[in-house]
Amino acid sequence: MGNLIYRPPFEADSLLVEATCGCSHNCCSFCTMYKDVPFRVLPESQVEDQLRLAAEIRPEADRVFLENGDAFVLGADRLSQIAEAIHRILPRVSTIAMYASVLNIRTKSDEELRELRSFGINELNIGVESGLDEALRRMNKGYTAEEAEYELYRLRNAGIDYSANLILGLAGAGLWRENAEATAELMNKTNPSLIFTGTVHTEPGCRLYDEIESGAFVENTIGGYLDEEECLLHHLTLDYSFFFGLHPSNVVRMQGYLQRDKERLLAELGACRNRHSAELDKKPVRGQEGAILGE
């Protein structure tokens, strides 16, 4: 333990249990989260030590979020062992969630995915980021949109729900429409239970930061981000997915269910456009966690 811990905001009440350290991919062009953390797998004894401590402190816990990085990289046998230990030591737990990637869905058979679901592994959080191949390639995600569609379909076919992390502006200012439309198409085909949006924000130490600084990558303006999110929402045809747009990097922080709240969400984007009509051609000024200052 002792590493910086990341979790989705909607896992705030979950019991965090560390099973891996770092990220198994750790080469996305926009990310510095684990740049100085070599990937490793924790011994089973360390995982069980955490669970026994949790049983003393939070015996009522009913949800576990496995840390760190993409814990779903673990093999199906190892994940099953961890799940068995969780249920044995914390019998009230019904859901075991974690970060995952398209790349480590690929390493598991359909039968293994179904078996993991039977152990309570569900509601994975996946950094899909975009449905546009050009953006995926430039960001070094390691898969194409077609491959993502195939693996996410296999996941849902096994009964495992997932939330999709999307990054608005990931294709740059010149391709905002193409990125929005391609990403909406991928979401419509793979039916995530939740869509978690943010915008492009980087820190020193990643390739995209250098490309933005040099002008090789042109970030959206404030108006461009509004255009892209509006286009994304217009093209999403999902029913019952939750749109979670509360990341501090967003121009508008909003949330609601698709399709029920879609018109309200679009209206909020329009209201923001009207309020900031004099700033639409400006680039965002960022603060901590990519927060757009002045919003």
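- Inter-residue side-chain proximity for T199 and E229 is flagged as unmet; no heavy-atom pair is nearer than 4.5 Å.
- Using a cut-off of 4.0 Å between Lys/Arg side-chain N and Asp/Glu carboxylate O, E134 and R138 are scored as not salt-bridged.
- A donor-acceptor pair under 3.5 Å links the side-chain atoms of H235 to the main chain of C231, judged by distance alone.
- Considering M98, R117, R63 in turn, R117 is the only one that fulfils the side-chain contact (heavy atoms from CB on, under 4.5 Å) rule with N122.
- A donor-acceptor pair under 3.5 Å links the side-chain atoms of T221 to the main chain of L280, judged by distance alone.
- Residues E115 and S80 form a side-chain contact, since some pair of their non-hydrogen atoms from C-beta on lies under 4.5 Å apart.
- Going from atom CG of L175 over to atom CG of L132 covers 6.5 Å, rounded to the nearest 0.5 Å.
- Annotation for Y6: atom OH counts as buried by contact number, over 12 foreign heavy atoms lying within 6.0 Å.
- With I126 as the fixed residue, the side-chain contact (heavy atoms from CB on, under 4.5 Å) test singles out one of L152, N104, N165: L152.
- Using a distance-only test at 3.5 Å, with no hydrogens or angles considered, no donor-acceptor pair links the side chain of T20 to the main chain of V41.
- Transitive grouping of hydrophobic side chains (ILVMFWY, heavy atoms separated by less than 4.5 Å) brings L155 and V73 into a common cluster.
- The shortest non-hydrogen separation linking L66 to A19 is CD2-CB, 4.4 Å.
- The backbone N or O of G131 sits nowhere less than 3.5 Å from a side-chain atom of E185 that would complete a donor-acceptor pair.
- Here CD of E213 is found 10.5 Å from CG of L208. Values are rounded to the nearest 0.5 Å.
- The minimum heavy-atom distance between G198 and S249, with the atom names listed, is CA-OG, 3.5 Å.
- In this structure F39 satisfies the ring pair (Phe, Tyr, Trp, His ring centres under 6.0 Å) test with no other residue, sequence neighbours excluded.
- At a threshold of 4.5 Å between side-chain heavy atoms, the hydrophobic network of Ile, Leu, Val, Met, Phe, Trp and Tyr places F217 and Y209 in two separate groups.
- None of Y99, F244, Y162 except one satisfies the ring-ring contact (aromatic ring centres under 6.0 Å, His included) rule with F196; the exception is F244.
- Relative to the ring axis of F243, K262 does not place its NZ or CZ within 45° and under 6.0 Å from the centre.
- In this structure the side chain of L116 reaches within 4.5 angstrom of the side chain of K108, judged on heavy atoms.
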**Request:** Verify side-chain contact (heavy atoms from CB on, under 4.5 Å) between Q50 and L42, making sure each step is shown before the conclusion.
**Result:** CA-CA 11 Å; Q50 294 174 67; L42 268 65; 3.8 Å; yes
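- Salt bridge annotation for R88-E48: present, with a cationic side-chain nitrogen under 4.0 angstrom from a carboxylate oxygen.
- Checking N125 against S163 by side-chain atom types alone, a donor-acceptor pair falls below 3.5 Å.
- Note that CD1 of I105 is 13.5 Å distant from CD of E112, once rounded to the nearest 0.5 Å.
- Hydrophobic cluster membership differs between F119 and V93, with clusters built from Ile, Leu, Val, Met, Phe, Trp and Tyr side chains linked at under 4.5 angstrom.
- Both M254 and L232 are members of a single hydrophobic cluster when ILVMFWY side chains are connected at heavy-atom separations under 4.5 Å.
- At a threshold of 4.0 Å, the pair E151-R154 counts as salt-bridged, since one of the basic side-chain nitrogens sits closer than that to a carboxylate oxygen.
- Contact between A12 and R7 at its shortest, heavy atoms only, is CA-CZ, 3.6 Å.
- With respect to E44 and R78, no salt bridge is recorded, no charged nitrogen being found less than 4.0 Å from a carboxylate O.
- R264 CZ: more than 12 foreign heavy atoms inside a 6.0 Å radius.
- Not counting sequence neighbours, K282 has no partner by the side chain to side chain donor-acceptor pair (under 3.5 Å) test.
- We find that E203 and K35 are not joined by a salt bridge, their nearest charged nitrogen and carboxylate oxygen being 4.0 Å or further apart.
- Residues E230 and L266 have side chains in contact (heavy-atom distance under 4.5 Å, counting atoms from C-beta outward).
- Here the shortest heavy-atom pairing between A164 and V128 reads CB-CG2, 4.0 Å.
- For the pair E11 (side chain) and P8 (backbone), a donor-acceptor distance under 3.5 Å is absent.
- In terms of modelled atom types and a separation under 3.5 Å, the side chain of E123 and the main chain of A97 share no donor-acceptor contact.
- Other residues, nucleotides and ligands contribute more than 12 heavy atoms inside 6.0 Å of the CD atom of E60.
- Looking at D161, its side chain never comes within 3.5 Å of a backbone N or O of S193 through a donor-acceptor pair.
- Of the possible donor and acceptor atoms, one in the side chain of H25 sits under 3.5 Å from a partner among the backbone N and O of N140.
- Scanning both residues, L51 and I89, for their nearest heavy atoms gives O-CG2, 3.5 Å.
- Between the N26 side chain and the Y34 main chain, a donor and an acceptor come within less than 3.5 Å of each other.
- In terms of modelled atom types and a separation under 3.5 Å, the side chain of Q259 and the main chain of L236 share a donor-acceptor contact.
- V47 places a side-chain heavy atom less than 4.5 Å from the side chain of V17.
- Counting heavy-atom neighbours within 6.0 Å of R177 CZ, excluding the residue itself, gives a total of 12 or less.
- A pairwise comparison of heavy atoms in D70 and S24 identifies OD2-OG, 2.5 Å as the closest pair.
- No salt bridge links E56 with R52; every basic N to acidic carboxylate O contact stays at or beyond 4.0 Å.
- Linking Ile, Leu, Val, Met, Phe, Trp and Tyr residues whenever their side-chain heavy atoms come within less than 4.5 Å leaves W176 and L265 in two separate clusters.
- In this structure, the salt bridge (Lys or Arg N to Asp or Glu O under 4.0 Å) partners of D227, at least two apart in sequence or on a different chain, are R273.
- Few gaps surround CG on N274; more than 12 heavy atoms of other groups in view lie less than 6.0 Å from it.
- Put simply, the side chain of L246 does not reach to within 4.5 Å of the side chain of P9, judged on heavy atoms.
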**Verdict with reasoning, L170 to V200, per side-chain contact (heavy atoms from CB on, under 4.5 Å)** = CA-CA 6 Å; L170 204 64; V200 170; 4.1 Å; yes
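- Under the 4.5 Å side-chain criterion, counting only non-hydrogen atoms from C-beta, I167 is not in contact with S130.
- Annotation: side chain of K141 is in contact with side chain of F30 (closest heavy-atom distance under 4.5 Å).
- Using the six-membered ring where Trp is involved, F242 and Y257 have ring planes that are perpendicular, over 60° apart on the 30 and 60° scheme.
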